[in-house]
Every structure is written in C-alpha cells, then in structure tokens.
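Since this is a predicted model, take the numbers as computed values, not measurements.
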Amino acid sequence: MPTGTLLIIDDEARLRQLLAQVLELEGYTVLQAPDARRGLELLQQHAAEVLLVLSDVKLPDGHGVDLLPRYKAAAPDAEVVLLTAFGTIADGVKAMKLGAFDYLTKGDFEQQLVVVVERAAEKARLRQRVAELERRVGEQYRFESMIGASAELKRVQQLARQVAPTDSTVLLEGPTGSGKELFAQAIHQASGRRGKAFVAVNCSAFPKDLLESELFGYKKGAFTGALADKKGLLEEANGGTLFLDEIGELELNVQAKFLRVLESQTFTKLGDTKPTKVNIRLVAATNRNLKQEADEGRFRPDLYYRLSVFTIQVPPLKDRPADVPPLAQHFLQHFAAKLGKRLPGLAPEALALLQRYPWPGNVRELKNVLERAAILAPTGELLTADYLPDEFHALGRPARPGADAADDSLRALEARHIGKLMGELDGNKPEVAKRLGIGLTTLYRKLEEYALG
C-alpha cells in the first residue's frame with residue numbers, strides 16, 4: 001500500500017474532505033488547507049514529509065498556477081498537481097512549464113486521480129532517495145570523514161583544503177592504494193562544484209585504443225561500429241570535476257588532445273568537425289614519477305607542467321603508522337556489521353603486528369586484511385594475531401622498552417577480558433566499568449590503549 005504525506009489545498013470543503021478520504025483509504029496521510037496562505041504554512045512546516053501538493057487553481061487568495069513557484073520553493077522535492085473546474089489550454093501549458101506534474105479538470109478526474117497521485121508520489125520518493133544518497137556521499141567524502149590523525153595526513157589535508165575552493169588543476173602523487181581517489185572526492189565536495197558530477201576514470205582500466213573514444217566521445221560513422229553519437233566522459237563531467245587516475249597511462253597522442261582541453265576547455269570528438277566546449281575542473285593522480293617520465297620522453301613535458309600547477313604528495317601508509325589503529329578499527333567494525341558479528345576490537349599483539357607491517361598495498365591492503373580477519377574471527381571475541389595472514393607472523397612480537405613477556409601476557413589478558421565484556425554487554429561502557437571495578441575514565445583510557453570499540 002502507498003505511504004507518504006499529501007497536502008490538499010481547496011476552498012470547497014466537501015470536495016477537499018472527499019479527496020482526503022479517498023487518498024487516506026489508499027494509505028496516505030493527508031493534510032488539508034482551505035486557502036493558499038494556510039496551505040503554504042502547512043507546506044513549510046512539513047516540507048520534508050510532503051510528497052505531493054494537490055491544489056485548486058482558483059483559491060480565495062491566489063491563483064494556483066501563479067502559486068506554483070511558491071509551492072516549489074517551500075518544498076523542492078514535492079510534486080504539484082493542479083485541479084480546476086474550468087481548465088484552459090493556456091493555464092495547462094503554463095502550469096507544466098512552471099513544473100507542475102499534471103493539470104486535471106474536476107468532474108472527469110475521478111478515474112485517474114489515484115493513478116496520477118501514485119505516479120507523482122513515486123517520482124517525489126525517487127527524488128528524495130537521490131537527495132539522501134547525495135547527502136551521504138557528500139558526508140562520506142568530506143575531509144572531516146577521513147580516518148587518521150597523524151601529522152603526515154593532516155599536512156596533506158591542509159594542502160587539499162586550501163586548493164579545493166579554487167578551479168586549479170591538482171596532481172595527486174602517491175603509491176597505489178594510498179587514498180588518492182578519496183582525496184580527489186574530498187576536494188570535489190569542498191569545492192563550488194560539489195552539486196555537479198564527479199566523474200572518475202581509471203586510465204589503466206581501458207584498452208589504449210578505446211580510452212580516447214571514452215574520454216572525448218564520437219560522432220555516428222566516425223569508425224566501423226560507431227552506429228550512433230556517443231557522449232564522452234568529458235561531457236559527462238561538464239560543470240563538475242573530472243578525476244583521471246593513473247594519468248601516466250595516457251597515450252602521447254591522447255595527451256596532446258587533453259592538453260588542449262586544459263588550455264581552452266574545448267575538444268573535438270572523433271568524426272566531428274566542430275569543437276565542443278566544456279567547463280571542467282581536473283584532478284589527476286599517478287603512482288609514477290611524472291617529472292622523470294617527462295624528462296625521459298614517456299610523458300609530454302608541456303602536459304606535465306600544466307598538470308602540476310598544484311601537486312600533493314599522498315604519503316604511503318608505512319609513513320603514517322599512527323593511522324593504522326583507527327583505520328583497522330574502522331574496517332573491523334565495518335566488516336563485522338556486514339557479517340552480522342560482534343567484534344569488539346583488536347588484541348594488543350594483533351594491533352602491534354599491524355603497525356609493524358610495511359603495507360606495500362597501503363590502505364587498500366589493510367582493508368583486505370581486516371575483511372579476511374573479520375570472516376575468520378568468532379563473534380564476541382577480540383581479533384587476535386591468529387587471524388592475520390602468515391606474513392604477519394614472520395614479523396615476530398615487538399619488544400617494548402621496559403616490558404617483559406609476563407607484562408605483555410597480562411596486557412593481552414586484560415584486553416581480552418575487556419573485549420569479552422564489551423561484547424557480552426553490547427558496548428554498555430558504564431556497566432563494563434562497574435563489572436571491572438574501575439572508573440569510567442579509566443575504562444575509556446584502556447579502550448583507547450587497546451583499540452577496542
């Protein structure tokens with residue numbers, strides 16, 4: 001059965017109540033208003049809930065067609081259907097141009113009313129879902145959402161924050177898996193282009209002979225198999241940000257075409273004779289030394305200098321070991337939730353091994369290791385070193401100055417006990433502290449020390 005809130009604005013009380021009864025039987029919650037003033041008040045109060053406004057055209061204090069922009073301003077995600085006793089083509093055309101979903105004449109809409117309402121409500125629901133997804137994506141890729149507090153990460157974040165509001169080209173350099181795309185997304189979300197498209201292209205993922213057509217598009221008949229015009233990724237990113245990952249993989253001839261895009265914001269599609277104009281902001285990334293590649297003739301020097309207007313070095317995970325514990329805990333909880341398990345945290349010896357590991361695969365490798373460990377670890381228990389891959393055990397146990405094996409054993413025992421209680425009591429920290437006979441402040445200190453949730 002359909003659900004959602006509708007608003008009926010009509011000065012005919014009997015008709016308004018009849019419509020409300022019909023729609024309530026369909027499962028909707030219905031608000032009613034006798035005039036435009038009260039209707040707008042209700043719409044502003046319930047803007048987040050209302051899916052559809054059913055408004056009479058002739059109201060005591062306004063004309064429904066002229067009120068359309070005010071309805072849309074009060075509830076941008078809601079649809080509007082206008083009802084009239086005497087419909088005119090001119091009013092209908094004007095209403096549709098102003099954004100009305102439909103324009104119905106009273107007396108002959110009974111059969112189609114419920115269908116029109118459901119179609120309009122479903123369109124509004126879809127718009128709300130898209131808005132919510134966009135909001136979540138925006139939050140996910142903000143600088144504030146990045147996990148880690150190392151000095152190295154903060155330095156890079158500060159540079160990225162400073163360049164984000166501009167339209168300057170940014171070149172992100174760093175090893176594979178270090179989080180370059182995350183930085184590109186954060187730069188986009190912190191820019192004035194955040195409401196437009198973010199188009200990510202991995203230049204190494206396309207066959208070299210296809211990448212040019214994917215980027216620039218083509219006209220029908222440009223080559224065998226080009227049966228229709230194709231819009232390229234440059235056009236898809238128009239108004240927004242284009243992220244070219246592994247830009248060092250671009251062929252030299254494609255590099256030349258792309259240089260023109262950066263200089264003039266125009267390009268010519270394959271098979272076309274007229275240039276296409278775009279407005280894009282470019283963020284590029286590479287795991288190579290592009291300066292060296294340019295010096296050795298494998299990358300165009302003019303493109304390199306155009307790309308390197310603002311270069312940011314994203315450090316590998318091995319250079320920021322302080323970020324390993326919070327990242328590991330985040331990934332552990334993410335996969336625990338996905339698997340339907342309670343995994344309160346990492347045992348001290350497991351955490352120590354993670355911090356000592358050199359992480360050649362960077363953050364991506366850490367994520368994969370924690371996913372594997374979360375699958376193997378039993379629910380309700382700390383994740384111990386036993387569930388880490390074999391290469392971690394070759395590292396041995398780290399020696400701590402002033403600590404002996406007995407102390408290490410006691411620390412591990414304490415961490416396991418706290419982790420077990422956290423699992424049994426569903427993370428109720430006051431109750432855990434009470435069971436342990438320690439203060440809540442002491443418990444928080446130990447949870448942080450042992451990287452427990």
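The shortest distance between side-chain heavy atoms of Y28 and T5 does not fall below 4.5 Å. Between T311 and L172 the shortest side-chain heavy-atom distance does not fall below 4.5 Å. Residues F183 and I312 are not in side-chain contact: their nearest non-hydrogen atoms beyond the backbone lie 4.5 Å or more apart. At least one side-chain heavy atom of L215 sits less than 4.5 Å from a side-chain heavy atom of L250. Contact of the L270 side chain with the F216 side chain is not registered, since no non-hydrogen atoms from C-beta on lie closer than 4.5 Å. Residues D229 and Y218 form no side-chain contact, since every pair of their non-hydrogen atoms from C-beta on lies 4.5 Å or further apart. When side chains are defined from C-beta on, V116 does not count as touching E118, because their heavy atoms never get closer than 4.5 Å. Residues L171 and V309 fail the side-chain proximity criterion, which asks for heavy atoms closer than 4.5 Å.
A salt bridge links R193 with D167: the closest approach of a Lys/Arg side-chain nitrogen to an acidic carboxylate oxygen falls below 4.0 angstrom. Between E263 and R306, no side-chain nitrogen of the basic residue sits less than 4.0 Å from a carboxylate oxygen of the acidic one, so the salt-bridge criterion is not met. Under 4.0 Å is where a charged nitrogen must lie from a carboxylate oxygen, and between E249 and R288 at least one such pair does.
Atom OG1 of T176 sits about 4.0 Å away from atom CG of N287, to the nearest 0.5 Å. Note that CG of L211 and OG of S204 are 9.5 Å apart. Values are rounded to the nearest 0.5 Å. The CG atom of L307 sits 8.5 Å away from the CG atom of L259 when rounded to the nearest 0.5 Å. In this structure, NZ in K341 is found 9.0 Å from CG in L383, a value given to the nearest 0.5 Å. Atom CD of E12 and atom CG of D56 lie 6.5 Å apart (nearest 0.5 Å). The structure places CD1 of I187 at 14.0 Å from CZ of R194, a figure rounded to the nearest 0.5 Å.
Across L40, D35, L67, a single residue satisfies side-chain contact (heavy atoms from CB on, under 4.5 Å) together with D61, and that is D35.
Under the rule for a side chain to side chain contact (heavy atoms under 4.5 Å, CB included), the partners of D245 that lie at least two apart in sequence or sit in another chain are K180, N202, F243, A285. P316 meets the side chain to side chain contact (heavy atoms under 4.5 Å, CB included) test with P175, K318, D319, N362; sequence neighbours excluded.
Under a 3.5 Å cut-off, the side chain of D323 and the backbone N or O of A149 do form a donor-acceptor pair. Although no hydrogens or angles enter the test, the distance criterion places a donor-acceptor pair under 3.5 Å between the side chain of H188 and the main chain of K196. Within the 3.5 Å criterion, the main-chain N or O of L343 finds a donor-acceptor partner in the side chain of Q333. Remark: side-chain polar atoms of W359 are paired, donor with acceptor, to backbone N or O of L354 under 3.5 angstrom. A donor-acceptor pair under 3.5 Å is absent between the side-chain atoms of K72 and the main chain of A100, judged by distance alone. Judged by distance alone, the side chain of S191 and the main-chain N or O of P165 form no donor-acceptor pair under 3.5 Å. In this structure a side-chain-to-backbone donor-acceptor pair under 3.5 Å is present from Q265 to I280. Proximity of a side-chain donor or acceptor of E79 to a complementary backbone N or O of A124 within less than 3.5 Å is not detected. Without hydrogens or angle criteria, S213 side chain to L210 main chain gives a donor-acceptor distance under 3.5 Å. Judged purely by atom type and a 3.5 angstrom limit, R38 has no side-chain atom pairing as donor or acceptor with the backbone of A33.
Defined by atom type and a distance below 3.5 Å, a donor-acceptor pair is present between the side-chain atoms of Q32 and R16.
Ring geometry for H330 versus H334: interplanar angle under 30°, hence parallel rather than tilted (30 to 60°).
The shortest heavy-atom contact between L68 and L82 is CD1-CD1, 3.9 Å. When every heavy atom of A374 is checked against every heavy atom of L332, the shortest pair comes out as CB-CD1, 4.3 Å. Closest approach of A184 and F198 over heavy atoms only: O-CE1, 3.7 Å. What you find for A120 and V81 is that their closest heavy atoms are CB-CG2, 4.5 Å. The minimum heavy-atom distance between T286 and G248, with the atom names listed, is OG1-N, 4.4 Å. Between G64 and Y71, the shortest heavy-atom distance links the atoms O-CE1, 4.3 Å.
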Q: Show your working on side chain to side chain contact (heavy atoms under 4.5 Å, CB included) between L242 and F258 and close with a plain yes or no.
A: CA-CA 12 Å; L242 177 68; F258 209 82; 3.7 Å; yes
(Q) With salt bridge (charged side-chain N to carboxylate O under 4.0 Å, His left out) as the criterion, how do E152 and R155 come out once you've worked through the C-alpha distance, each side chain's angles and the decisive distance to 0.1 Å? (A) CA-CA 5 Å; E152 294 82 3; R155 177 184 57 79; over 6 Å; no
Q: Kindly indicate, with the supporting measurements, whether the criterion side chain to side chain contact (heavy atoms under 4.5 Å, CB included) is fulfilled by L104 and L54.
A: CA-CA 10 Å; L104 302 178; L54 284 160; 5.7 Å; no
Q: Take T384 and L346, measure what side chain to side chain contact (heavy atoms under 4.5 Å, CB included) needs, and give me the verdict at the end.
A: CA-CA 6 Å; T384 67; L346 292 115; over 6 Å; no
Q. Going through the checks in order, is the side chain to side chain contact (heavy atoms under 4.5 Å, CB included) test met by V50 and L6?
A. CA-CA 5 Å; V50 173; L6 312 180; over 6 Å; no
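For the salt bridge (Lys or Arg N to Asp or Glu O under 4.0 Å) condition, the pairs that include at least one residue of residues 266-281, sequence neighbours left out, are E235-K269.
The environment of NZ in K367 is sparse: at most 12 heavy-atom neighbours from other residues, nucleotides or ligands sit within 6.0 Å. For R161, the CZ atom sits in a packed shell: over 12 heavy atoms of surrounding residues, nucleotides or ligands are nearer than 6.0 Å.
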